[in-house]
Asker: 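Structure in structure tokens, see below.
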Amino acid sequence: MKTSEDYFERVWEVVARIPLGRVTTYGAISEHLGLKSGARMVGWALNKTIDMDHKNIPAHRVVNRLGELSGAIHFGHNVMRERLLQEGVIFKNDYCVDLERHFWDPSSI
DNA sequence: CAAGTGACTAGTG
DNA sequence: CCACTAGCCACTT
């Protein structure tokens, strides 16, 4: 628990910096944090977020590399989608956002 | 302690 | 973009 705790905090810090109406990917976050293949751990961190009621963390702005709302399973389908729609995110279909248009690079801050 | 699981990704065809 | 493989690491069983 202790080793991953710092990592979780870092993830939350990055996710909290995602501008409104923008999205990023698990891989981009993990890479920005220096982990070569920690994409799965990013998911874990966000899952913890829900458990702890970290609603300050806009986890709905994190999607997989294809722009799919892979997190909607744990978020509640409609919730994640509606939240993104409310922020003006364009969807390619019900389960996939337009990543080309809304992608935000964590390193660009 | 071994094997399975998961909000993943990159490489290859 | 699809299908398949391998790598990844914390956590659960």
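Worth knowing before you read on, the calculation uses all heavy atoms, side chains too, and leaves out hydrogens, waters and symmetry mates. A, B, ... follow the sequence lines: proteins, then strands. Residue 1 opens every chain. Because the structure is a prediction, the values reported are computed rather than measured.
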Asker: Which residues pass the side-chain hydrogen bond (donor to acceptor under 3.5 Å, both in side chains) test with A:N47, not counting sequence neighbours?
Answerer: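 side-chain hydrogen bond (donor to acceptor under 3.5 Å, both in side chains) list for A:N47, sorted by chain: empty.
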Asker: Please work out which residues in residues 77-105 of chain A have a non-hydrogen atom less than 4.0 Å from an atom of DNA chain B and list them by number.
Answerer: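 When residues 77-105 of chain A is checked for heavy atoms under 4.0 Å from DNA chain B, there are no hits whatsoever.
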Asker: Who pairs with A:R65 by salt bridge (Lys or Arg N to Asp or Glu O under 4.0 Å), at least two apart in sequence or on another chain?
Answerer: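 Expected list: none.
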Asker: Enumerate the ring pair (Phe, Tyr, Trp, His ring centres under 6.0 Å) contacts for residues 77-109 of chain A, please, sequence neighbours excluded, ordered by first and then second residue.
Answerer: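 For residues 77-109 of chain A: none.
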Asker: Output the rounded distance in Å from CG (A:L33) to P (C:dC8).
Answerer: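 Checked: the CG to P distance equals 18 Å.
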Asker: Could I get the full list of ring-ring contact (aromatic ring centres under 6.0 Å, His included) partners for A:W12, not counting sequence neighbours?
Answerer: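 Listed in chain order: A:H54.
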Asker: Looking across every strand, which nucleic acid part, if any, lies under 4.0 Å from A:A72 by heavy atom: base, sugar-phosphate, or nothing?
Answerer: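 Since no nucleic acid heavy atom lies under 4.0 Å of A:A72, the category is nothing.
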Asker: Nearest heavy-atom pair of A:A28 and A:T25: which atoms, and what distance?
Answerer: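 Taking A:A28 first and A:T25 second, the nearest heavy atoms are N-OG1, 3.1 Å.
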Asker: Determine the interatomic distance between C1' on C:dC8 and the same-named atom on B:dT5; round to the nearest Å.
Answerer: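 Roughly 13 Å separates the two C1' atoms.
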Asker: Rounding to an integer number of Å, can you tell me how far A:E68 CD sits from B:dC8 P?
Answerer: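 In whole Å, B:dC8 P and A:E68 CD are 10 Å from each other.
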Asker: Rounded to the nearest Å, what distance is computed from the CZ atom of residue A:F8 to the C1' atom of nucleotide C:dA10?
Answerer: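 Atom-to-atom, A:F8 to C:dA10, this comes out as 7 Å.
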Asker: Heavy atoms, side chains only, cut-off 4.5 Å: are A:V15 and A:L46 in contact?
Answerer: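 Result yes, sub-4.5 Å side-chain heavy-atom pair found.
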Asker: For A:Q86, which residues count as a side-chain hydrogen bond (donor to acceptor under 3.5 Å, both in side chains) partner, sequence neighbours excluded?
Answerer: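 Partners of A:Q86 under the side-chain hydrogen bond (donor to acceptor under 3.5 Å, both in side chains) test: none.
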Asker: Please produce a list of atom pairs where a protein N or O lies less than 3.5 Å from an N or O of nucleotides 9-13 of chain B.
Answerer:
unit_1: B:dT9; atom_1: OP1; unit_2: A:G27; atom_2: N; d: 3.4
unit_1: B:dT9; atom_1: OP1; unit_2: A:R65; atom_2: N; d: 3.2
unit_1: B:dT9; atom_1: OP2; unit_2: A:R65; atom_2: N; d: 3.0

Asker: Flag the pair A:I90 / A:V97 as yes when at least one side-chain heavy-atom distance between them is below 4.5 Å, and no otherwise.
Answerer: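 Side-chain contact under 4.5 Å: no.
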Asker: If we count only N and O atoms by modelled type, under 3.5 Å, do the side chains of A:E68 and A:N64 hold a donor and an acceptor together?
Answerer: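 Result is yes, a qualifying pair exists.
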Asker: Please report, rounded to the nearest Å, how far the P atom of B:dC8 is from the OH atom of A:Y7.
Answerer: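 Atom-to-atom, A:Y7 to B:dC8, this comes out as 13 Å.
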Asker: For the pair made of CZ in A:R61 and C1' in B:dA7, what is the distance, rounded to whole Å?
Answerer: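 For the pair A:R61 CZ and B:dA7 C1', the rounded distance is 17 Å.
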Asker: Once you round it to whole Å, what is the distance between P of B:dC8 and CG of A:L46?
Answerer: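 Taking atom P of B:dC8 as the reference, CG of A:L46 is at 10 Å.
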Asker: If I pick the P atom on C:dG7 and the same atom on B:dA7, what distance separates them, to the nearest angstrom?
Answerer: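 Per the computed distance, 22 Å lies between those P atoms.
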Asker: Look at all strands and tell whether A:I50 reaches a base, only sugar-phosphate, or nothing, counting heavy atoms closer than 4.0 Å.
Answerer: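 Result for A:I50 = base.
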Asker: Just how far, in rounded Å, is C1' of C:dT12 from NZ of A:K48?
Answerer: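 After rounding, the gap between these two atoms is 12 Å.
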Asker: State which residues pass side-chain hydrogen bond (donor to acceptor under 3.5 Å, both in side chains) with A:R17; sequence neighbours excluded, sorted by chain then number.
Answerer: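 Listed in chain order: A:E13.
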Asker: Quick one: side chain to side chain contact (heavy atoms under 4.5 Å, CB included) partners of A:L20, sequence neighbours excluded?
Answerer: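 Listed in chain order: A:R61, A:E87.
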Asker: Could you run down the sub-3.5 Å N/O contacts of the protein with nucleotides 2-6 of chain B?
Answerer:
unit_1: B:dG6; atom_1: N7; unit_2: A:R40; atom_2: NH2; d: 3.3

